[in-house]
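As structure tokens, the structure follows; a few thoughts come after it.
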Amino acid sequence: MRIILLGAPGSGKGTQAEKLMEDYNLPQISTGMLLREAIDQGTELGKKVQEIMAAGNLVSDQIVLDLIRESLQQPDSANGFVLDGYPRNINQAQSLEDLLNSINKPLGSALLVDVDSEILIKRLSGRRTCSITGKTLNVYFSSEDEINECIDSGGELIQREDDNVESITNRINVYKEQTEPLIDFYKHKNLLKVIDGEGKITDVYDRVIKTLEL
Ligand code: AMP
């Protein structure tokens with residue numbers, strides 16, 4: 001299974017990629033996560049991208065292509081992968097196609113997780129990660145029990161640096177301008193599948209499984 005997950009920031013594609021990874025033993029390759037790791041580790045790459053990411057802009061195509069190329073060379077990608085957050089513009093999609101063709105592993109599907117813009121803003125501005133469990137929570141949508149589980153275990157609710165209103169607005173605009181054209185790109189290649197990304201995580205996941213015929 002070689003798939004990419006398309007969708008606006010906050011559409012929940014990362015959450016769905018994580019579930020696919022657990023159930024099907026496929027690596028979730030998330031460029032956003034790899035870049036955040038570089039920032040946390042204080043590497044040269046991290047220093048280069050920190051400001052760009054905090055503002056919600058895209059980092060250079062070359063940087064993310066290098067990350068993807070390296071991830072796809074890892075042995076755990078041999079039987080498939082779920083790309084989450086890559087590609088994000090037509091140039092990246094073209095590079096990915098060339099890269100996958102060169103290793104004879106073309107893409108199987110591009111799955112769009114479709115969510116209304118108003119919901120996206122609430123999902124992003126309310127998003128927190130528990131510092132102990134690493135679980136993603138939401139101050140608007142998570143139950144009191146889920147939030148307390150983190151707090152009671154001594155955890156803190158951490159907000160991503162780019163989950164502030166200014167950056168969120170910019171990220172959604174960048175998505176509309178640069179990433180949305182990928183919907184047509186993959187439609188023309190007969191690879192596009194679309195699911196409704198609203199509702200409970202488990203319900204969305206059922207749609208993912210059904211649509212990908214897993
Ligand atoms: P994400 O975790 O997918 O929401 O990505 C967080 C941020 O990382 C984005 O707002 C960009 O600044 C950067 N980023 C992640 N993936 C890419 C990509 N494919 N191309 C350029 N920038 C990216």
Side-chain angles (χ1 to χ4, degrees), residues 2-21 27-72 77 81-100 107 110-115 117 119-129 134-138 158-183 185-186 197:
R2 293 186 290 273
I3 59 175
I4 62 170
L5 293 182
L6 285 176
S11 58
K13 55 189 188 319
T15 305
Q16 297 301 324
E18 254 168 53
K19 290 179 81 63
L20 285 172
M21 174 174 76
Q28 168 198 13
I29 304 177
S30 157
T31 39
M33 221 185 272
L34 292 169
L35 292 166
R36 277 188 293 281
E37 273 170 23
I39 293 176
D40 290 345
Q41 289 162 6
T43 64
E44 280 308 308
L45 170 64
K47 285 179 200 151
K48 210 187 238 175
V49 299
Q50 183 159 24
E51 267 183 40
I52 303 170
M53 285 178 70
N57 291 317
L58 297 187
V59 310
S60 83
D61 290 347
Q62 190 58 49
I63 287 179
V64 279
L65 179 59
D66 289 344
L67 291 174
I68 288 290
R69 193 183 284 117
E70 200 185 317
S71 300
L72 290 178
S77 300
F81 50 79
V82 181
L83 291 189
D84 156 22
Y86 188 91
R88 261 176 151 98
N89 60 31
I90 296 282
N91 186 42
Q92 291 181 11
Q94 211 79 61
S95 301
L96 176 67
E97 188 171 280
D98 294 345
L99 179 60
L100 293 178
L107 205 61
L111 182 70
L112 172 67
V113 182
D114 197 23
V115 174
S117 323
I119 295 181
L120 295 176
I121 294 173
K122 250 187 151 173
R123 281 193 185 174
L124 291 166
S125 59
R127 179 163 65 180
R128 304 287 185 277
T129 306
K135 216 168 148 182
T136 304
L137 300 164
N138 191 294
I158 312 277
Q159 188 170 29
R160 250 172 67 168
E161 201 182 352
D162 58 352
D163 277 346
N164 59 75
V165 175
E166 208 177 313
S167 177
I168 289 170
T169 313
N170 190 36
R171 281 154 66 206
I172 292 176
N173 287 337
V174 168
Y175 172 77
K176 289 199 169 137
E177 282 164 22
Q178 302 199 44
T179 313
E180 251 177 14
L182 295 182
I183 297 173
F185 180 91
Y186 287 114

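Counting convention: from 1, in listed order, for ligands and their atoms alike.
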For residues 37-57, run the donor-acceptor check on the side chains, cut-off 3.5 Å, and write out each pair with its distance to 0.1 Å, sequence neighbours left out.
{"from": "Thr43", "atom 1": "OG1", "to": "Ala38", "atom 2": "O", "distance (Å)": "3.3"}
{"from": "Thr43", "atom 1": "OG1", "to": "Gly46", "atom 2": "N", "distance (Å)": "3.0"}
{"from": "Asn57", "atom 1": "OD1", "to": "Asn170", "atom 2": "ND2", "distance (Å)": "2.8"}

When you check the gap from the basic side-chain N to the acidic O, do Asp162 and Arg127 get nearer than 4.0 Å? no
Heavy-atom nearest pair, Arg123 first then Val115, reads NH1-CG2, 3.8 Å
State the CG-CD distance between Leu65 and Gln62, to the nearest 0.5 angstrom. 5.5 Å
For Ser71 and Leu34, which heavy atoms make the closest approach, and how far apart are they? OG-CD1, 3.7 Å
Close N/O pairs between ligand 1 and protein, under 3.5 Å:
{"from": "ligand 1", "atom 1": "2 (O)", "to": "Arg36", "atom 2": "NH1", "distance (Å)": "2.9"}
{"from": "ligand 1", "atom 1": "2 (O)", "to": "Arg36", "atom 2": "NH2", "distance (Å)": "3.1"}
{"from": "ligand 1", "atom 1": "2 (O)", "to": "Arg160", "atom 2": "NH1", "distance (Å)": "3.4"}
{"from": "ligand 1", "atom 1": "3 (O)", "to": "Arg88", "atom 2": "NH1", "distance (Å)": "3.0"}
{"from": "ligand 1", "atom 1": "3 (O)", "to": "Arg88", "atom 2": "NH2", "distance (Å)": "3.1"}
{"from": "ligand 1", "atom 1": "4 (O)", "to": "Arg88", "atom 2": "NH2", "distance (Å)": "3.4"}
{"from": "ligand 1", "atom 1": "4 (O)", "to": "Arg160", "atom 2": "NH2", "distance (Å)": "3.2"}
{"from": "ligand 1", "atom 1": "5 (O)", "to": "Arg88", "atom 2": "NH2", "distance (Å)": "3.4"}
{"from": "ligand 1", "atom 1": "12 (O)", "to": "Asn57", "atom 2": "O", "distance (Å)": "2.5"}
{"from": "ligand 1", "atom 1": "16 (N)", "to": "Thr31", "atom 2": "OG1", "distance (Å)": "2.8"}
{"from": "ligand 1", "atom 1": "16 (N)", "to": "Gly85", "atom 2": "O", "distance (Å)": "3.4"}
{"from": "ligand 1", "atom 1": "16 (N)", "to": "Arg88", "atom 2": "NH1", "distance (Å)": "3.0"}
{"from": "ligand 1", "atom 1": "19 (N)", "to": "Gly85", "atom 2": "O", "distance (Å)": "3.0"}
{"from": "ligand 1", "atom 1": "19 (N)", "to": "Gln92", "atom 2": "OE1", "distance (Å)": "3.0"}
{"from": "ligand 1", "atom 1": "20 (N)", "to": "Gln92", "atom 2": "NE2", "distance (Å)": "2.9"}
{"from": "ligand 1", "atom 1": "22 (N)", "to": "Val59", "atom 2": "N", "distance (Å)": "3.1"}

Mind listing the closest non-hydrogen atom pair of Pro9 and Leu124 along with its distance? O-CD1, 3.5 Å
